[in-house]
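Structure first, commentary second.
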Amino acid sequence: MAFWGILFGILCIAAIIALGFFRASQQMKVERMRSELEAQGVSSEEINQRLESISYSIPQQVVPSLVGAAVLSFLVGMFNQVFFYAEPGFVYHVRTITGEEKVVSDVGYNTYLFGRYNAWKRSMTVQASAGTGESLTAESEGAMASALLPPLNIMFLDQVDADAEATVRFSIPQDQDNFLKLAHEYRSPENLLRTALIPAFKETLQSTASLMSAEEYYSGGRSGFNSEFENQMTNGIYIVRREEQLTLTNRKQKASANATLGDKQEDYGDETKIEFVVNKVVDEAGLPTRKAQKFTNFGITVLDARVTDMRPNRKFVERMQLKQKASADRAIAREQRIQEEEQRLLAIAKGEREVAERQAQAKVEQIQRTTEAETEKQLTLTDAQKLKEQAAIAKDTAQIELEKARIEAETQRTLADAEAYQKEVILKADNALAQKLQAEIEIQKLWAEAFAKRQVPTNVFGGNGAGGAPVGSDAETKAFMQMLTLDAAKRLNYSREVTQSK
């Protein structure tokens, strides 16, 4: 844009100059022709007509327009040489034409006056990941990281190599002194990444790997590895010393006995093993000594450091698989042994439970039988006591009943004597007239009822002569009844007279 603006301004100025030469040459040509025509004696009017026919009229506004266009083109062309736009997330190192340096971190347009400027990302990321090649994109805003690296091959303490994937994010200083010092030292972000940040990244990752073995890493030391990596990236690399160390083993050494030596057998092994360990070198205060990170001298800080993946070599993987299988087999065998032991304890517990249940059942039955016998005994005693009490009550009741019967008998006898005496007195008083009259009434009542219910024929044929057969007439019946009455009175043989009491 600046080039085309300046080029268009130069073309406008060239056009203005060309118009000036064209006007000057035309004016000289007109003056020369005028002189020739005057020398030939041509009149002034004819001279003017001829000169007008060969002259070219250029509009007066062409030159001011070209001047304005040239000025505007130069302004547009020089705008980008005077101003630049500061993007967010970047810090700019500006050098003006007068030799002044400044740091620009605010977003918006800023001046650099025909000088130079370059952009530095406020945060630079160095990342090692699979599937990428080595590339630097320090000033690219849309890039995934400032520096992309393939997985780094590192060596653990036990000589096992692995491909590590990690990411570290750095923050560059924004104050003028440290930033200018950084810019003077490395001149560009690419140089900073290539000569300072990437080497520190690689060295720290390898130094962290030398602090532990691969087996320790894959046996639960991953978080410790990540923590040590971030610690060393921030505060410096530990200075270490590799040493041999004798450690006791829990496994007893075994060997075949020598029959010729009897009970004086030779020792076989000392149940120790040699291990190589890495110890941190400490100072007089007991603090670990470190190799400081050089980039920290320029105010660069570590924002984040992570180890995202670790892929060991194939032989170690196979060895770990065999070890995992052996560990799994041991765990299964241990679980089976525990299960068998639990089964044995379960069988013992079942037997003890059954014995306890039987003892408890026998004890319950014994208690039940004892309780039933005691209950039966108490019931028998209660029944006997009850019968005894009932017998006593019955005896008392019988005694009372006897006394009652005796009293009632006495009462009945007394009442009978009184009644007999009463009857005797009555009979003696009226010669039993009342009884006799009552008996006569009853006799007459019976004969009357029998006479009323007699069965007689509707028509009776018979004679009235004496000595004839009875035919059941009323006279015959009445005579019969009188005879019966006489017979009854004879049998009763009582006197209807009331004897006067003396």
Side-chain angles (χ1 to χ4, degrees), residues 91 93 101 103 105 118 120-128 134 136 138 145-149 151-157 162 164-213 216-217 221-243 276-308 310:
V91 180
H93 181 208
E101 286 185 297
V103 179
S105 59
N118 59 337
W120 296 65
K121 284 184 178 180
R122 292 186 179 185
S123 297
M124 296 184 181
T125 303
V126 178
Q127 183 177 17
E134 185 171 354
L136 292 178
S146 301
L148 289 175
L149 304 174
L152 299 180
N153 188 265
I154 60 175
M155 187 72 66
F156 283 100
L157 181 61
E165 296 182 14
T167 301
V168 179
R169 190 168 180 83
F170 302 91
S171 176
I172 66 172
Q174 299 181 26
D175 60 290
Q176 185 165 343
D177 294 337
N178 285 328
F179 182 82
L180 292 178
K181 181 180 177 182
L182 175 68
H184 291 167
E185 181 69 25
Y186 295 101
R187 299 185 305 282
S188 67
E190 289 81 1
N191 289 338
L192 174 64
L193 288 168
R194 188 179 296 109
T195 60
L197 301 184
I198 294 177
F201 172 78
K202 294 180 178 180
E203 182 183 10
T204 306
L205 189 60
Q206 180 57 59
S207 175
T208 307
S210 63
L211 294 177
M212 66 173 59
S213 63
E216 291 175 350
Y217 178 84
R222 182 169 308 190
S223 60
F225 186 92
N226 294 346
S227 177
E228 289 292 347
F229 175 65
E230 184 174 6
N231 185 9
Q232 292 189 96
M233 282 298 305
T234 304
N235 302 317
I237 300 173
Y238 291 116
I239 299 176
V240 297
R241 183 181 297 109
R242 187 170 182 267
E243 298 176 353
F276 292 96
V277 296
V278 173
N279 295 322
K280 299 174 183 177
V281 178
V282 297
D283 55 13
E284 296 179 354
L287 299 176
T289 57
R290 298 174 183 264
K291 176 186 176 183
Q293 300 286 6
K294 299 300 182 182
F295 57 80
T296 59
N297 297 330
F298 301 95
I300 299 176
T301 58
V302 176
L303 296 178
D304 189 19
R306 297 178 183 274
V307 179
T308 56
M310 190 74 68

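All heavy atoms count here, side chains included; hydrogens, waters and symmetry mates do not. Fair warning: this is a prediction, and the values are worked out from it, not measured in the lab.
- By the 6.0 Å contact criterion, NZ on Lys294 is open, its count of non-hydrogen atoms from other residues, nucleotides or ligands being 12 or less.
- Between Met310 atom CE and Leu152 atom CG the span is 9.5 Å, to the nearest 0.5 Å.
- Taking the six-membered ring where tryptophan is involved, the planes of Phe179 and Trp120 are perpendicular, since the angle between them exceeds 60° and thus also 30°.
- Side-chain N or O atoms of Gln206 include one that pairs as donor or acceptor with a backbone N or O of Met155 at under 3.5 Å.
- Interatomic distance, Phe170 CZ to Met233 CE, rounded to the nearest 0.5 Å: 3.5 Å.
- In this structure, Asp304 CG and Ser171 OG are separated by 12.0 Å, a value rounded to the nearest 0.5 Å.
- Annotation: side chain to side chain donor-acceptor pair (under 3.5 Å) contacts of Gln293 (sequence neighbours excluded): Thr204.
- The aromatic rings of Tyr186 and Phe298 sit perpendicular to each other, their planes meeting at more than 60°, with 30° as the lower class boundary.
- Crowding of Arg122 atom CZ: a count of heavy atoms from other residues, nucleotides or ligands under 6.0 Å exceeding 12.
- Contact annotation: the side chain of Ile300 approaches that of Pro173 to within less than 4.5 Å [non-hydrogen atoms, C-beta and beyond].
- Expressed to the nearest 0.5 Å, how far CD of Gln127 lies from OG1 of Thr167 amounts to 3.5 Å.
- Counting only heavy atoms from C-beta outward, the side chains of Glu216 and Leu157 never approach each other to under 4.5 Å.
- Take Glu203 and apply the side chain to side chain donor-acceptor pair (under 3.5 Å) test, not counting sequence neighbours, and it matches Lys291.
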